[in-house]
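Reckoned from all heavy atoms, side chains included, excluding hydrogens, waters and symmetry mates. Bear in mind that the values here come from a model prediction, so they are computed numbers and not experimental data. Whatever order the structure lists them in is the order used to number ligands and atoms, beginning at 1.
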Amino acid sequence: MSEPYAGKAAALDAADELAGLRAQFVLDDVVYLDGNSLGALPRSVPGRVEDVVRRQWGSLRIRSWDESGWWTAPERIGDLIAPLVGAAAGQIVVGDSTSVNVFKALVGAVRMAGEGRDEILVDATTFPTDGYIAESAARMTGCALRAVAPGDVTSALGPRTAAVLLNHVDYRTGRLHDLPSLTAAIHAAGAVAVWDLCHSAGALPVGLDEHGVDLAVGCTYKYLNGGPGSPAYLYVRRDLQERFDSPLPGWNSHEDPFGMRPSYAPAPGALRGRVGTPDILSMLALEAALEVWEGVSIEAVRAKSLALTDFFLECVSAYVPEGRVEPLTPLAHAERGSQVALRCDDAGDVMKRLIERGVVGDFRHPDVLRFGFTPLYVGFGDVERAARALAQTAAVT
Ligand SMILES: Cc1ncc(COP(=O)(O)O)c(C=O)c1O
Ligand SMILES: Nc1ccccc1C(=O)C[C@H](N)C(=O)O
C-alpha cells in the first residue's frame, strides 16, 4: 500500500529546490520531526564555537569585546534575524530567554499604552510561560489580566485594553493565527500588540513591519537552529523605540554603558531592549547557525512547509486506520503553522515507540502527538517514512 506514496515522495524530493540544504546539517538516518522544539545542528556551528572559545576567548581574551565584535553581537545578530520575520534593520536585539523578553515587551507595551488603559489580554491557549509572565506583568503594572482565545480577541477588546499578548502559532495544535487582522483590530481599539513568534519565525513569513506589529519576541532554538538555550530576541517597531520604557534597564541598554553613571539614560533604538552582558558563546553559535539562510527565501520555506504537512496528512490518512488519530491542525493553509498535531488516546506510549523506530516527534500533554517539519532539512521521504512508522506503531495497543 505504501508504494504510491513512496513513489510520490521520491518525485517530490527530486523537485525540491531546498533539498540541498539538508547537507548543511548534522543528521543521521533518524527522521527528525522535532525541530519545533530543538532545531538540528548546522555544520557551521562546531568550528565557530571552537574558534570563539580557543582564539577569541583563549588568546584575545578581553580584547574580543571590541576586536571580535562581542559587544555589538545582540544588534548585529538581530539584523540577521530581521529579514526572516519581515523587519527592517535596527529593530531587533538578541539576548535573554523568550520568557524574559515577553516580560520586557509586555510591561513595555503597557507603559506605552494610553491613559486609563488597565487591562491586558493574553492568549488563553498560549504556551504556559507567556501566561505566567503576563500574570506577573499585570500585577506589577496594576492591570487586570484576561485570558481569551485568539478567535475571541476582537470582541474582547475595549477602551480599557492596554496590551494584547498572542502566540502566532499555537504550540499544541499548530494553528496559525491571523496576525495581520488581529494586529489591525488591536490597533483599532487603541491597544498595543505583542506577538510571540517562537513557532513561526523561520518557518513562514511573518511580516512584522508590513503589518505594523508593535512588539514581538521569539526563540532561536527551533526553526532558527541556534542550539539548546540559544538567546531569544525582542522586536520593537522603530517609531515606538523612543517610547519603549524597559522594565529591565540594565547597563547594556544605557546610552553610555562605560560611562558607569549612577543614573539611567536609555540608548537610542533597539539597543534599549538589551539588559546585561550577552551570552556570547550561545550568541555566536546562533550567528553561525544563521549562515544557512544565505540565499534562502522564507517564501520558498513556507511553500515547502505546507507541501510537507499536506503530504504527511495525506500519508497518515492513507496508512493509519480511520479513527486511530485525529488531526488537530487546521487543514486550511492560512491557518496552519509548520507542524501537524494528532490527537491520539495513548499518545505518550505511541510517541515512545515511534522514537524507538527512529521517528522523533514529541508528546504534548495530555493526548497530542506533535510533528514539526523544518523545511531546511526534512524531506518528503522522511514524511512518508514517519507516517508508515506511525501506522505500524499505532497498530500495537
Ligand atoms: C510560544 C513559546 N513561547 C515561549 C517558549 C519558551 O520560552 P523560553 O525561551 O523562555 O524557554 C516556548 C518554548 O519553549 C514557546 O513555544
Ligand atoms: N525550550 C525547551 C527546552 C526543553 C524542552 C523543550 C523546549 C521547548 O522549546 C518546548 C517548546 N516550546 C514547545 O512548544 O513545546
Side-chain angles (χ1 to χ4, degrees), residues 32-41 74 77 81 85 92-107 122-137 147 149-150 164-177 179 182 193-204 206 213 215-235 247-248 273 275-276 278-279 282-283 285-286 289 328-329 336-342 347-348 351 355 360-374:
Y32 192 66
L33 303 180
D34 218 352
N36 53 343
S37 208
L38 177 66
L41 171 65
I77 301 168
I81 294 172
V85 291
I92 295 182
V93 280
V94 175
D96 312 310
S97 62
T98 317
S99 304
V100 170
N101 283 297
V102 166
F103 177 74
K104 289 186 257 181
L106 195 52
V107 174
V122 64
D123 186 338
T125 55
T126 185
F127 186 80
T129 205
D130 301 46
Y132 306 155
I133 300 276
E135 203 275 326
S136 175
V164 184
L165 172 62
L166 293 168
N167 286 209
H168 195 190
V169 173
D170 184 301
Y171 80 102
R172 290 180 76 251
T173 62
R175 176 181 290 274
L176 170 66
H177 297 301
L179 178 144
L182 285 164
V194 184
W195 285 92
D196 180 332
L197 310 178
C198 280
H199 286 272
S200 59
L204 52 100
V206 179
V213 167
L215 298 119
V217 303
C219 70
T220 62
Y221 45 71
K222 302 187 196 294
Y223 298 104
L224 299 177
N225 310 302
S230 58
Y233 56 90
L234 171 68
Y235 165 91
L248 292 171
V275 183
D279 183 348
S282 273
M283 199 163 295
L286 168 63
L328 295 174
T329 307
R336 194 191 306 163
S338 199
Q339 75 179 52
V340 171
L342 302 173
M351 185 51 74
I355 291 170
V360 178
D362 51 25
F363 161 64
R364 282 293 172 266
H365 198 74
D367 56 4
V368 176
L369 298 169
R370 203 179 70 159
F371 302 94
F373 297 84
T374 303

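Looking at atom 16 (O) of ligand 1, its nearest protein heavy atom turns out to be His199 NE2, 2.8 Å. From the protein, the heavy atom lying nearest to atom 7 (O) of ligand 1 is Thr98 CB, 3.3 Å. Closest to atom 6 (C) of ligand 1, if we only count protein heavy atoms, is Tyr221 OH, 3.5 Å. The protein heavy atom nearest to atom 13 (C) of ligand 1 is Lys222 NZ, 3.3 Å.
With atom 15 (C) of ligand 1 as the reference point, the heavy atom nearest to it among Tyr171, Phe103, Phe127 is part of Phe127. Distances from atom 2 (C) of ligand 1 to the heavy atoms of Asn36, Asp196, Leu197, Val100 show the closest one on Asp196.
For Asn167, no nitrogen or oxygen atom sits less than 3.5 Å from a nitrogen or oxygen atom of ligand 1, counting backbone and side chain alike. Below 3.5 Å of separation, one finds no N or O of Thr129 facing any N or O of ligand 1.
Panel note: side chain Asp279, backbone Pro231; no donor-acceptor pair is recorded below 3.5 Å. Checked by atom type and distance alone, the side chain of Ser230 never pairs as donor or acceptor with a backbone atom of Ser282 at under 3.5 Å. Counting only distance, with no hydrogens or angles, the side chain of Asn101 and the backbone of Gly95 share a donor-acceptor pair below 3.5 Å. Thr329 places a side-chain N or O within donor-acceptor distance of the main-chain N or O of Thr173, the cut-off being under 3.5 Å. In this structure, Lys104 contributes its side chain and Gly273 its backbone to a donor-acceptor pair below 3.5 Å.
The aromatic rings of Trp195 and His168 sit perpendicular to each other, their planes meeting at more than 60°, with 30° as the lower class boundary.
Protein residues having a heavy atom under 4.0 Å from any atom of ligand 2 are Ser37, Phe127, Tyr171, His199, Tyr221, Lys222, Arg364, Arg370, listed by chain and number.
If you look at Ser99 next to ligand 1, the close heavy atoms, those under 4.0 Å, come from the backbone and the side chain alike.
Side-chain atoms of Thr125 and Asn167, non-hydrogen and from C-beta on, never get closer than 4.5 Å to each other. In this structure, the side chains of Val213 and Val206 stay at 4.5 Å or more apart for every pair of heavy atoms. Looking only at side-chain heavy atoms (C-beta outward), Tyr32 and Leu38 come within less than 4.5 Å of each other.
In the vicinity of Asp130, heavy-atom distances shorter than 4.0 Å reach the ligand 1 atoms 3 (N), 4 (C).
Of the listed residues (Gln339, Lys222, His199), just one forms a side chain to side chain donor-acceptor pair (under 3.5 Å) with Asn36, and that residue is Gln339.
Applying the salt bridge (charged side-chain N to carboxylate O under 4.0 Å, His left out) criterion to Arg172, with sequence neighbours excluded, gives no partner residue.
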